[in-house]
Amino acid sequence: MSRPPLSRLRTALLTAVAALAVTPALTSPASAADSFSVFTNERDTIAPGLEQYGAVKSTVAYDAFAFTCDSAGCYANGGALPTESEYKTKILDYVDQFGGDDTAPIVLDFENIVVTKLSGTAATNAFGLWKELITWTHEAAPSAPVGMYGYDYSTTNNSLTKALHADGLLDFFAPRAYWDIGETQSTWKAQFDAAIANDRSLAPDQPIYPYISPDIVGGGYVSGTTWTFVMAQVQASADGAVIWEPSAADSTACNWVAQNSYEMGVLTGTSSSGPLTATASAPSGTCVVPRDATTSVPVTITNTSGSATAATTMQSFTGAPQGITGTWQYWNVPALAPGATWKTTLYLTIPSAETYSTALFHLRTGLSDTRWSTVVL
């Protein structure tokens, strides 16, 4: 299936959570800045857990009814449309699957009836069906804003799309902005810019939350450079972004995982800080650390400032979420001249019950905080 959608009004973002006092612990969820909302759709048993980095859970409602419309009418699975009760039950089922709260945005991903893909009476019939489904969605989840995943760079039936964004119907836009295999920055940006411009022309006061993903359509993961480019563009032109069902299945995901950690650190105000920088080196030679094991991770502390630092200590590693624990080989960091280094080892234990495929740690001394992201396999 093609990539789905999602999001909510800016005010849907959670309040930023202060950084944990423990170190190096899996971070608590923090919110993205109020001016830019980051949402995530995740429901796999082992998912990246982007809420660790500050993303907010949201819901995508897939096309379980296989809606279609033609000049004669609209159908579900080739036959009768669902009843109001059947439809609302399915919407709430998706809300439960994706785990958001009552205000989590809901995106309707019914791609075969998107009006930009239809013509004539079929489009008009789809418009009528959309109005009914959007109304039912609002009634099923009255605190949740509702959006529609679409191909917003297309202006086909723009008058119908505009009418669907009237008061009481759709609350935000959720255009497709995935990275296709063979994509270039220029081709991606041209389509992205067209979608943003069209949405702004239709409902200037409504937020736009493009659907993005680190998974390339056609296979593989985007590079760290590409993820930086995508994040920069959506921050410059949109009101937020929805990261759709991302994965981190092997070491080739390390680049986007690390870059996403950096980007979210900036957005949530939890970037690495202080005169000391911690560099962790997983024995795998990549960012991968194993689940259901204790791993000895060499860590180098470097004074990256222009002044000498006072002696300090590595911070304790207790209370980490999902049962992750760890201890330090050496705790006492000596005074360091500019450019000087000191080494220790982190004994990191990740239990079998840990359910994220990535983990975000803060390697802290009494003077600094360094983010370290891993893929957990």
Carboxylate-amine/guanidinium contact Lys90 Asp96, below 4.0 Å: no

Do you see a donor-acceptor pair shorter than 3.5 Å between the side chains of [X] and [Y]?
{"X": "Thr286", "Y": "Ser251", "result": "no"}
{"X": "Thr124", "Y": "Thr121", "result": "no"}
{"X": "Arg291", "Y": "Ser352", "result": "no"}
{"X": "Tyr151", "Y": "Thr156", "result": "no"}
{"X": "Thr349", "Y": "Thr294", "result": "yes"}
{"X": "Glu42", "Y": "Tyr356", "result": "no"}
{"X": "Ser307", "Y": "Ser305", "result": "no"}
{"X": "Asn255", "Y": "Gln259", "result": "no"}

Between [X] and [Y], what is the shortest heavy-atom contact and its length?
{"X": "Thr312", "Y": "Gly366", "answer": "OG1-N, 2.9 Å"}
{"X": "Trp372", "Y": "Leu346", "answer": "CZ3-CD2, 4.4 Å"}
{"X": "Leu202", "Y": "Lys162", "answer": "O-CG, 3.6 Å"}
{"X": "Ala61", "Y": "Ile91", "answer": "CB-CD1, 3.7 Å"}
{"X": "His138", "Y": "Leu169", "answer": "NE2-O, 2.7 Å"}
{"X": "Asp152", "Y": "Asn198", "answer": "O-ND2, 2.9 Å"}

N/O donor-acceptor pairs under 3.5 Å from side chains in residues 189-196, not counting sequence neighbours:
unit_1: Lys189; atom_1: NZ; unit_2: Asp193; atom_2: OD2; d: 2.6

Using the disulfide bond (SG atoms under 2.5 Å apart) rule, collect all pairs that involve residues 206-275, keeping only residues at least two apart or in two chains. Cys254-Cys287

Keeping the roles fixed (side chain from [X], backbone from [Y]), state whether a donor-acceptor pair exists under 3.5 Å.
{"X": "Asp63", "Y": "Phe67", "value": "yes"}
{"X": "Ser271", "Y": "Gly265", "value": "yes"}
{"X": "Thr228", "Y": "Gly224", "value": "yes"}
{"X": "Ser247", "Y": "Ala249", "value": "no"}
{"X": "Thr295", "Y": "Val297", "value": "no"}
{"X": "Asn157", "Y": "Val115", "value": "yes"}

Are any of the side-chain heavy atoms of [X] and [Y] separated by less than 4.5 Å?
{"X": "Phe361", "Y": "Leu348", "result": "yes"}
{"X": "Ile46", "Y": "Ser357", "result": "yes"}
{"X": "Ser223", "Y": "Trp256", "result": "no"}
{"X": "Pro351", "Y": "Ile324", "result": "yes"}
{"X": "Val288", "Y": "Thr374", "result": "no"}
{"X": "Val56", "Y": "Glu51", "result": "no"}
{"X": "Arg43", "Y": "Glu245", "result": "yes"}
{"X": "Asp101", "Y": "Lys57", "result": "no"}

Any chance you could measure [X], atom [atom1], to [Y], atom [atom2], to the nearest 0.5 Å?
{"X": "Leu108", "Y": "Leu133", "atom1": "CG", "atom2": "CG", "answer": "7.5 Å"}
{"X": "Cys69", "Y": "Asn125", "atom1": "SG", "atom2": "CG", "answer": "6.0 Å"}
{"X": "Tyr62", "Y": "Glu111", "atom1": "OH", "atom2": "CD", "answer": "9.5 Å"}
{"X": "Ile113", "Y": "Leu129", "atom1": "CD1", "atom2": "CG", "answer": "4.5 Å"}
{"X": "Asn41", "Y": "Phe98", "atom1": "CG", "atom2": "CZ", "answer": "5.0 Å"}

Out of curiosity, does Val234 fall in the hydrophobic cluster containing Val266 (side-chain heavy atoms, cut-off under 4.5 Å, transitive links)? no

Verify same cluster id: Tyr262, Val375 (apolar side-chain graph, 4.5 Å): no

Would you list the pairs meeting side-chain hydrogen bond (donor to acceptor under 3.5 Å, both in side chains) in which at least one residue belongs to residues 272-282, sequence neighbours left out? Thr277-Thr304

Go through it in stages, so that I can follow the logic: the residues are His165 and Phe173, the test is ring-ring contact (aromatic ring centres under 6.0 Å, His included), and I'd like the CA-CA distance, side-chain angles, deciding distance and then a yes or no. CA-CA 9 Å; His165 285 268; Phe173 293 92; 3.8 Å; yes

Go through the steps for Thr68 and Asn112 under the test side chain to side chain donor-acceptor pair (under 3.5 Å), then give the verdict. CA-CA 6 Å; Thr68 56; Asn112 288 330; over 6 Å; no

Give the ring-plane orientation class for Phe110 versus Tyr87, where under 30° counts as parallel, over 60° as perpendicular and anything between as tilted. perpendicular

Can you tell me which residue pairs pass the ring-ring contact (aromatic ring centres under 6.0 Å, His included) test with a partner in residues 276-310, sequence neighbours excluded?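 Non-adjacent pairs meeting ring-ring contact (aromatic ring centres under 6.0 Å, His included): zero.
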
Could you walk me through whether Met264 and Val38 pass the side chain to side chain contact (heavy atoms under 4.5 Å, CB included) test, one step at a time? CA-CA 9 Å; Met264 293 303 297; Val38 178; 4.0 Å; yes

Are Tyr209 and Ser58 close enough, and set up right, to give a side chain to side chain donor-acceptor pair (under 3.5 Å), and what steps lead you there? CA-CA 12 Å; Tyr209 301 120; Ser58 56; over 6 Å; no

Check step by step if side chain to side chain contact (heavy atoms under 4.5 Å, CB included) holds for Ser261 and Tyr53. CA-CA 6 Å; Ser261 172; Tyr53 305 81; 3.8 Å; yes

When you look at Thr137 and Ile134, which way does the side chain to side chain contact (heavy atoms under 4.5 Å, CB included) test go after all the steps? CA-CA 5 Å; Thr137 304; Ile134 294 165; 5.5 Å; no

Taking only residues two or more places apart in sequence, or in another chain, which ones meet Thr83 in a side-chain contact (heavy atoms from CB on, under 4.5 Å)? Ser85, Glu86

Candidate pair Thr345 and Tyr330, rule side chain to side chain donor-acceptor pair (under 3.5 Å), full reasoning: CA-CA 7 Å; Thr345 298; Tyr330 306 117; over 6 Å; no

Could you give all pairs that pass the salt bridge (charged side-chain N to carboxylate O under 4.0 Å, His left out) test and reach residues 136-151, with sequence neighbours left out? Lys88-Glu139

Take His362 and Thr370 through the side chain to side chain contact (heavy atoms under 4.5 Å, CB included) test and state the conclusion after the steps. CA-CA 5 Å; His362 280 250; Thr370 300; over 6 Å; no

Report the C-alpha separation of Trp188 and Phe229 in whole Å, then their side-chain angles, then the decisive distance to 0.1 Å, and conclude whether the ring-ring contact (aromatic ring centres under 6.0 Å, His included) test is met. CA-CA 10 Å; Trp188 182 91; Phe229 174 78; 5.7 Å; yes

